[in-house]
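What follows is one structure encoded as structure tokens, with my remarks underneath.
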Amino acid sequence: MTNNNNSMQPIFIMPESTQRTTGKSAQRNNIMAARLVGEAVRTTLGPKGMDKMIVDGMGDVTVTNDGVTILEEMHIEHPAAKMMVEIAKTQEQEIGDGTTTAVVIAGELLKQAEELLDKNVHPTIIARGYRTASEKALEILNKMAENITENDTDLLTKAATTAITGKGAETAKEKLGEIAVKAVRAVLEKNENTFTFNKENIKIEKKTGGSVDDTELIEGIVLEKEAVHPSMPKLVHNAKIALIDTAVEIRDTEIDAKIQITDPSQMQSFLDQEDRMLQTMVDRIVKSGANVVFCQKGIDDIAQHHLAKKGIFAARRVKKSDMEALSRATGARVVCNLVDLTHEDLGNAGIVRETKIGDEELTYVMNCKNPKSVTVLVRGGTNHIADEAKRALTDAIGDVAASIMCKKIVAGAGSSEMELSKQLHTYAAGLSGREQLAVEAFAKSLEVIPRTLAENAGMDPINVLTEMKAAHDSGKKWAGIDVFTGKVIDALKEGVIEPLKIKTQAVSSASEVAQMILRIDDVILGGKQQAPQMSQGY
Ligand code: ADP
Ligand code: MG
């Protein structure tokens, strides 16, 4: 070094608090962190998977085997591990089910990639190979899938029960499966050959008490509300429903007003005046022909009294989202000003009924003619059971909807992954060099699903996998594992059915994240930034 002393000084291009890891160690760190996420949920996969108990900072307990719920509750911080959590979240948004599968596949892709890294295959070559493999995988999956239509009640119900098998709600899986199919069909909108499905239109309410078998589907809405006045009717047939987004009250004056009253008669006339104004409001409701009122704001005591006298059912402070759902289900228009309320704004429902479940009062708005919104009231002996039943039902609903929307299903129990793996191996044989190694690694990674299903069921994975492979080689594409007997079965015939989209989404997002993590060779952890100071004067 002949330069002057200055060049010997370390040069800082980033704040001193920044931590940086580069090259191989950055890569291995990331892979390890991501694989740990996969390992964390692996034991929960499949009907024989175990549950996890997660206790949060407030001491609240969640017992679940739902991949995305576990990962969300774990509050993962490592940046690469967080990317794995994102896979589960995408899967949850797109379908609802298959979150564990997606994360486990991604973990295995990285594990296999590590072995190639050890053999000095460059990460970008692995990433490229994974990309090729995943494109081919989607093609293969599409080809091997079976067709399904919205009228295949039997297959759709099986897709729903497959999602529920092994969850806490399993004992009621037939019932929940049926409900999932009915609920999806009720809100599904068909235009020519395509469907639109909005999961917001199926409201899932949870009520502790009874058992999961008491879960019911209501073709309409269930509100956590009761009539505001005890002498209002508890049951209204042929309901004409007004939805009001304004208070049925006399507003307080905005500025403090002082009214000087000099003798008691003035006081009386002041109160009479108020009474008359409220009476006018109620008259407007009566005139529209409504016999049921849902108000997003408050209803004054005196107005309540007048409404009750007219035999009108009224509930107040209804949530905005419930108002919207009511509007969809009954066809009512939300009115912001009582002066505008007319007969045309009213919606219809066969029955509005107030009921008590457990110690809570609920209002059912049901038998709507064309309920674009339905409610499932999930029951469970304890809060934790009801919660897990709700998660299982959400998965089932997602699977039924995805099956109808993409019109294709595959069989589960590890069969589709095994078949995909087999066909990818064949494809890899036609490639050459290092790319071939990567595609083979990808194909091998998919075996993690049947292997894990077997392991979680307490079987010897090597035996089961060998037997399964033999079945696939002899052309049985739906050969999967019966996790209850340990035998190799035809998963399609046995009714272990999943929407094609679970698999295509899981494979493509797992592959994308694996590629992304492989391409990173520099991790820069910025120091915690201080919140910028707001300048006073702008
Ligand atoms: P995920 O979050 O990925 O949906 P699950 O714990 O729900 O995880 O497990 C799904 C896996 O269990 C799928 O591979 C599915 O095919 C398999 N599976 C579901 N029911 C059965 C069954 N009756 N026999 C064998 N495998 C099953
Ligand atoms: Mg599932």
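We count ligands from 1, going down the list as the structure has it; atoms in each ligand are counted the same way. Side chains included, hydrogens not; waters and symmetry mates left out as well; all remaining heavy atoms used.
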CE-CG distance between M516 and N30, expressed to the nearest 0.5 angstrom: 12.0 Å

Which of the numbered atoms in ligand 1 are below 4.0 angstrom from a heavy atom of [X]?
| X | value |
| --- | --- |
| A413 | 15 (C), 16 (O), 25 (C), 26 (N) |
| T44 | 6 (O) |
| G412 | 16 (O) |
| T101 | 1 (P), 3 (O) |
| I481 | 24 (N), 25 (C) |
| L45 | 3 (O), 6 (O), 8 (O), 9 (O) |

Are any of the side-chain nitrogens in [X] or [Y] under 4.0 Å away from the carboxylate oxygens of its partner?
| X | Y | result |
| --- | --- | --- |
| R391 | E388 | yes |
| E216 | K207 | no |
| E324 | K320 | yes |

Salt bridge (charged side-chain N to carboxylate O under 4.0 Å, His left out) between K422 and E419, worked out: CA-CA 5 Å; K422 179 191 117 184; E419 181 65 19; 3.8 Å; yes

With nothing but distance in play, are any N or O atoms of [X] less than 3.5 Å from an N or O of ligand 1?
| X | answer |
| --- | --- |
| D97 | yes |
| G98 | yes |
| N65 | no |
| E498 | yes |
| G46 | yes |
| E417 | no |

For [atom], what's the nearest protein heavy atom and its distance?
| atom | answer |
| --- | --- |
| atom 19 (C) of ligand 1 | T162 CG2, 3.6 Å |
| atom 7 (O) of ligand 1 | K167 NZ, 3.3 Å |
| atom 18 (N) of ligand 1 | P47 CD, 3.6 Å |

Evaluation steps, salt bridge (charged side-chain N to carboxylate O under 4.0 Å, His left out), between K158 and D154: CA-CA 6 Å; K158 283 175 177 160; D154 183 44; 3.2 Å; yes

Check against salt bridge (charged side-chain N to carboxylate O under 4.0 Å, His left out), K503 and E417: CA-CA 8 Å; K503 305 299 175 191; E417 287 86 357; 2.8 Å; yes

Quick one: look at [X] and ligand 1, take heavy-atom pairs under 4.0 Å, and tell me if it's side chain, backbone, both or neither.
| X | value |
| --- | --- |
| L453 | side chain |
| V496 | side chain |
| V104 | neither |

H384-T382 side chain donor-acceptor pair, cut-off 3.5 Å: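 Side chains of H384 and T382: no pair found under 3.5 Å.
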
Pairing residues for D460 by the salt bridge (charged side-chain N to carboxylate O under 4.0 Å, His left out) criterion, not counting sequence neighbours: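 Not a single residue meets the salt bridge (charged side-chain N to carboxylate O under 4.0 Å, His left out) criterion with D460.
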
Sub-2.8 Å protein N, O or S atoms surrounding the Mg ion (ligand 2):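 Atoms qualifying: D97 OD1.
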
Over 12 non-hydrogen atoms of neighbours within 6.0 angstrom of CZ in R131: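 No, CZ of R131 has 12 or fewer neighbouring heavy atoms, counting only those of other groups under 6.0 Å.
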
Over 12 non-hydrogen atoms of neighbours within 6.0 angstrom of CE in M74: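 Open.
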
Partner residues of F442 under the ring pair (Phe, Tyr, Trp, His ring centres under 6.0 Å) criterion, sequence neighbours left out: Y130

For residues 445-455, which side-chain donor-acceptor pairs fall under 3.5 Å, sequence neighbours excluded?
from: S445; atom 1: OG; to: A441; atom 2: O; distance (Å): 2.7
from: E447; atom 1: OE2; to: K469; atom 2: NZ; distance (Å): 3.3
from: T452; atom 1: OG1; to: R42; atom 2: NH1; distance (Å): 3.2
from: T452; atom 1: OG1; to: V448; atom 2: O; distance (Å): 2.5
from: E455; atom 1: OE1; to: R42; atom 2: NH2; distance (Å): 2.3

Heavy-atom gap G49 to ligand 1 smaller than 4.0 Å: no

Stepwise side chain to side chain contact (heavy atoms under 4.5 Å, CB included) check, V374 with N201: CA-CA 6 Å; V374 298; N201 290 341; over 6 Å; no

Side chain to side chain, S327 and M323, heavy atoms closer than 4.5 Å: no

